[in-house]
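Inspection log for the structure reproduced underneath, given as structure tokens.
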Amino acid sequence: MTDTPHLGQPGAGDRKDLGYPPLPETLLVSVYDSHTHLDPSTGSGRRTAMGDEAALDYREHLDRASSVGVHGVVQVGTDVDTSIWSAEMAAIEPRMLAAVAIHPNEAPELAVRGRLDDALGTIAELATRPRVRAIGETGLDFFRTGADGQEAQLRSFEAHIEIAKQNGLALQIHDRDAHSEVIATLKRVGAPERTVFHCFSGDLELASICTENGWYMSFAGTVTFKNAPNLRDALEVVPRSLLLVETDAPYLTPVPYRGRPNAPYLLPFTVRSIAAYLDTDVNLLAAQISSNTEYVFGRWDDEPVSSQRDPFEDVES
Ligand SMILES: [Zn+2]
């Protein structure tokens, strides 16, 4: 380590309403963020309209997260470049494991350009790398992809399921407005042993189907939103052994900071909100979630990190 990350109160500048929220109270029992995007191109490190003070690199995010009881993350790729980044960074960062995939909304565009098969080949290669523990996010998204793109989306989803099974990896599913097609596909081709509905967006019925099949449900900041009573109804029937949590940062910031940028260090807000809703002890809940997460993705310290330096870091003189 050569430099000390900035851990001052985030968002203390004049544009604080758009900056990162302050650190939450530390969780006594640590949890993992099972789905986040810290890559500089799509994720939380991006310099945006929020200004340069909002840009944090992945190490600063992980330092903040560790300081409040979020001791590891699954970094998720959504295309070839971010999947390569995820695999390479997980190989050198002990607090990070990787998931690799072509996002369901990327697949149709790649198919039109005749590049989907090459991209899937890259994902299959990355799936064999150390510390890549999941294939995702993949699935179906009928909200953003119209009828003309759904064939490519389905083909890509099926290919990802095969890659997960061939490599004994977990599957992280993106399901937006496509519950019945996602379920039908999993049943038709056979779901991997550890299958996760990331950013669970279903209701009581989907939660019951996931439960019957032993599929994991990962709850994001959306479960804290006032206008999402269906998620809290679903939460009530989710067996504790199938429950995971995530941020999906930089999106979906939990209440009370909805609208501001999200980051793994904000996960305690979601965990506390779930504990309060279920009227259960937050430490017991965190212990269960942590153990579920290690069961699905393996332990963060199972495979050693390589001693290589950050392959994407600019060479300094
Ligand atoms: Zn995501």
Side-chain angles (χ1 to χ4, degrees), residues 31-46 48 56 58 61-62 65 70 72-87 89-90 96-110 119 123 126-127 132-145 153 156-157 160-161 163-164 169-179 182 194-202 215-225 228 231 244-254 258 260-267 269-270 293 296-297:
V31 292
Y32 300 98
D33 183 349
S34 78
H35 185 112
T36 192
H37 304 277
L38 298 181
D39 51 278
S41 52
T42 57
S44 309
R46 184 173 49 177
T48 65
L56 296 175
Y58 74 93
H61 277 295
L62 294 171
V70 178
V73 304
V74 178
Q75 156 64 31
V76 180
T78 54
D79 56 19
V80 166
D81 287 349
T82 55
S83 291
I84 292 172
W85 190 91
S86 304
M89 300 317 295
M96 189 184 281
L97 294 176
V100 296
I102 306 301
H103 193 282
N105 290 325
E106 294 282 329
E109 289 172 37
L110 287 169
I123 298 304
L126 292 172
V132 172
R133 303 280 181 80
I135 297 300
E137 54 187 288
T138 180
L140 300 173
D141 186 326
F142 295 168
F143 178 78
R144 278 207 258 149
T145 294
Q153 202 172 70
S156 176
F157 183 29
H160 281 88
I161 294 172
I163 295 169
L169 299 176
L171 184 73
Q172 279 199 336
I173 292 175
H174 169 106
D175 158 27
R176 191 157 183 202
D177 293 355
H179 301 332
V182 165
R194 287 157 293 132
T195 292
V196 182
F197 279 64
H198 122 73
C199 191
F200 183 82
S201 62
W215 298 333
Y216 291 80
M217 289 156 269
S218 181
F219 284 78
T222 40
V223 75
T224 69
F225 294 179
L231 294 181
L244 301 177
V245 290
E246 64 173 78
T247 57
D248 203 14
Y251 317 105
L252 307 175
T253 313
R258 192 176 177 181
R260 288 168 70 169
N262 202 3
Y265 77 89
L266 297 169
L267 189 57
F269 287 111
T270 302
T293 314
V296 172
F297 301 103

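Just so you know, ligand 1 is whichever comes first in the structure, and atom 1 is the first atom listed for that ligand. Please read all numbers here as calculations on a predicted model, not as lab measurements.
Classified by interplanar angle (parallel below 30°, tilted 30° to 60°, perpendicular above 60°), the ring pair Trp85/Tyr58 is perpendicular.
The backbone N or O of Asp141 sits less than 3.5 Å from a side-chain atom of Gln153, completing a donor-acceptor pair. Under the 3.5 Å distance criterion, the side-chain polar atoms of His160 are matched with a main-chain donor or acceptor of Ile102.
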Open item on the list: Evaluate Asp79 against His103 for side-chain hydrogen bond (donor to acceptor under 3.5 Å, both in side chains), listing each step before the verdict.
Closed with: CA-CA 6 Å; Asp79 56 19; His103 193 282; over 6 Å; no

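By the side-chain hydrogen bond (donor to acceptor under 3.5 Å, both in side chains) test, Thr270 is found to be paired with no residue, residues two or more places apart in sequence or in another chain being considered.
Put simply, the side chain of Val70 does not reach to within 4.5 Å of the side chain of Thr247, judged on heavy atoms.
For the Zn ion (ligand 1), the count of nearby protein N/O/S atoms, taking only those under 2.8 Å, is 4.
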